[in-house]
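Working notes, beginning with the structure itself.
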Number of protein chains: 2
Amino acid sequence: MIEVVAPTTVAFASANTVAEVAAAIGDPVRAAMLVALMDGRARTAGELAALGGITAQTASGHLARMVEAGLVVAEKQGRHRYVRLVDPAVATVLESLMAVAAIAPPRHRPTGPADAALREARTCWDHLAGRLGVALADALARDGRIVLADGAALVTDVGEAFFCDFGIDLGRPPASRRPLCRACLDWSERRPHLGGRLGAALLARFRELGWLVPGPRDRALRLTPRGRSGFAESFGIEVSRAPT
Amino acid sequence: MIEVVAPTTVAFASANTVAEVAAAIGDPVRAAMLVALMDGRARTAGELAALGGITAQTASGHLARMVEAGLVVAEKQGRHRYVRLVDPAVATVLESLMAVAAIAPPRHRPTGPADAALREARTCWDHLAGRLGVALADALARDGRIVLADGAALVTDVGEAFFCDFGIDLGRPPASRRPLCRACLDWSERRPHLGGRLGAALLARFRELGWLVPGPRDRALRLTPRGRSGFAESFGIEVSRAPT
DNA sequence: GCGATGGTTCGGTCGGGACCGAAGCGTCGC
DNA sequence: GCGACGCTTCGGTCCCGACCGAACCATCGC
């Protein structure tokens, strides 16, 4: 018997605070900073200022506002101040905003060469996104290693054995309540890729194997020749045009 | 063999457009309007103006901006202008914003009586959310009718038969690409409830059976005495304190 | 100690946008 | 036709916030 208990004193978010959070994202410079932080890594205030093309003092104001809104946290380390997203939920907001922005009528939207690399393969929080990420989810589902139905994702028994062979230990640490395997909507492909602990472990393993190397500054990932053959052999994924 | 094809000409969302969409949400009045539209129903411009406590001409400006940002669509009908969310993806953004707002440190956040009713049971786009929605998902999972693992949700064979008995036809209309059953994070409970086609069908059936009746203006749902016993008998859900 | 570096605070400018009053336009009811 | 109604456009006010220059504070290397 599941009982619905009386109202708790949980914090309640009214429509006003939705506006506050949205407004804190709704500035070109701040949005760029947040997107840059989506890979989960922390950056210094100076890096973020340079990224936004603004002076340090303006960036300081932006950061203060985002801290106030509960989007990022900052911790001092020596004379640097490292900033990171406060929670994966923030990355989720950004992804969903991108999805809505992608629906909107494509007005004058200049797409540069960096965009192409991002569409190809990038990190989403700590897992793999982009065309390669979607293809990976498709391949795993095709081979019965995961079930990818209706936006949901589950690891099968076959899959568990496979991932173990591939060098990923899915033994669940009791401390972590993080979902094992989450279907995360890819904003550029409009189809799901794999998130959660499995998604993170897969990306970590790919980097360990030297299949993917991170870009210098942005979230783009570069596929190495070894990765090219690796994805083909282990997952049956043929990348038609390798990004150079 | 799954092939990753060369880049398509899909519309690309840069960080700037994320800011545009977020800024279009990031005003207290506009956010309140959008939240009011989250049930998927359309409202007239005048209703939304009254809801925000502003004059008609100011509301007109807000609506124009939200249309421009691709958040809502408006269609004229006689001398009224009906406004609705452009896509469920917009509701997803709002839900995720609420989730982030709920994480943020609970500052002076006055919670009124309407909030309590909303926490109890409400519509989320077109399905059931709130404590009752979360309890329903829990109960269905406990009875093996769905599998609710790691934020994912799948209907079992047992469940399919049960839902059929309950008066819900899950035969998939080929035209609809909408997920059958989606785990939707409940912002007030921080736990998943059921969305997708199944979630929508369940709520529709509950209203058909007279178990739940919609509130006059907001998204709150009221549990009827019949619903109280119905939820107990069919799902084993005991609501400890019925909202009057 | 002293300068260099990273970051913040203060003061001031300036543009965008939220708001309303008034006027204009289309639709409905009579 | 005529007024009532729903909504938009125009013009104007006002305030918030994004930005920078300058000064200030903390830390590091020496």
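Quick note: numbers below take in every heavy atom, side chains included, and nothing from hydrogens, waters or symmetry partners. Below, chains carry the letters A, B, ... as their sequence lines are ordered, and counting in each starts from 1.
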Give a yes or no answer on whether the side chain of [X] reaches the backbone of [Y] with a donor-acceptor pair at less than 3.5 Å.
X        : Y        : result
A:Asp27  : A:Arg30  : yes
A:Thr58  : A:Ile54  : no
A:Arg84  : A:Ala74  : no
B:Arg122 : B:Leu221 : no
A:Thr17  : A:Glu20  : no
A:Thr224 : A:Leu212 : no

What nucleic acid atoms does A:Ala45 come within less than 4.0 Å of, heavy atoms only: base, sugar-phosphate, or nothing?
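Since only primed, P, OP1 and OP2 atoms lie under 4.0 Å of A:Ala45, the category is sugar-phosphate.
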To the nearest Å, how far apart are [X] [atom1] and [N] [atom2]?
X       : N      : atom1 : atom2 : value
B:Glu20 : C:dG16 : CD    : P     : 14 Å
A:Leu48 : C:dG7  : CG    : C1'   : 13 Å
A:Met33 : C:dG7  : CE    : C1'   : 13 Å

Determine whether any donor atom in the side chain of B:Gln57 lies under 3.5 Å from an acceptor atom in the base of C:dG21, or the reverse, and answer yes or no.
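When only heavy-atom distances are counted, B:Gln57 does reach the base of C:dG21 through a donor-acceptor pair under 3.5 Å.
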DNA chain D: B:Ala59 or A:Ala23, which has the more 5' nearest nucleotide?
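Upstream on the strand: B:Ala59.
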First and last nucleotide of DNA chain D touching chain B, 5' to 3', heavy-atom cut-off 4.0 Å?
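The footprint of chain B covers D:dA4 to D:dT9.
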Residues of residues 71-82 of chain A with any non-hydrogen atom less than 4.0 angstrom from an atom of DNA chain D: list those, numerically ordered, please.
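Result for residues 71-82 of chain A: A:Gly78, A:Arg79, sorted by number.
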Salt bridge between A:Arg205 and A:Glu208, side-chain N to carboxylate O under 4.0 Å?
yes
Sole residue of B:Lys76, B:Gln77, B:Arg41 in side-chain contact (heavy atoms from CB on, under 4.5 Å) with B:Tyr82:
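It is B:Gln77; the other options fail the test.
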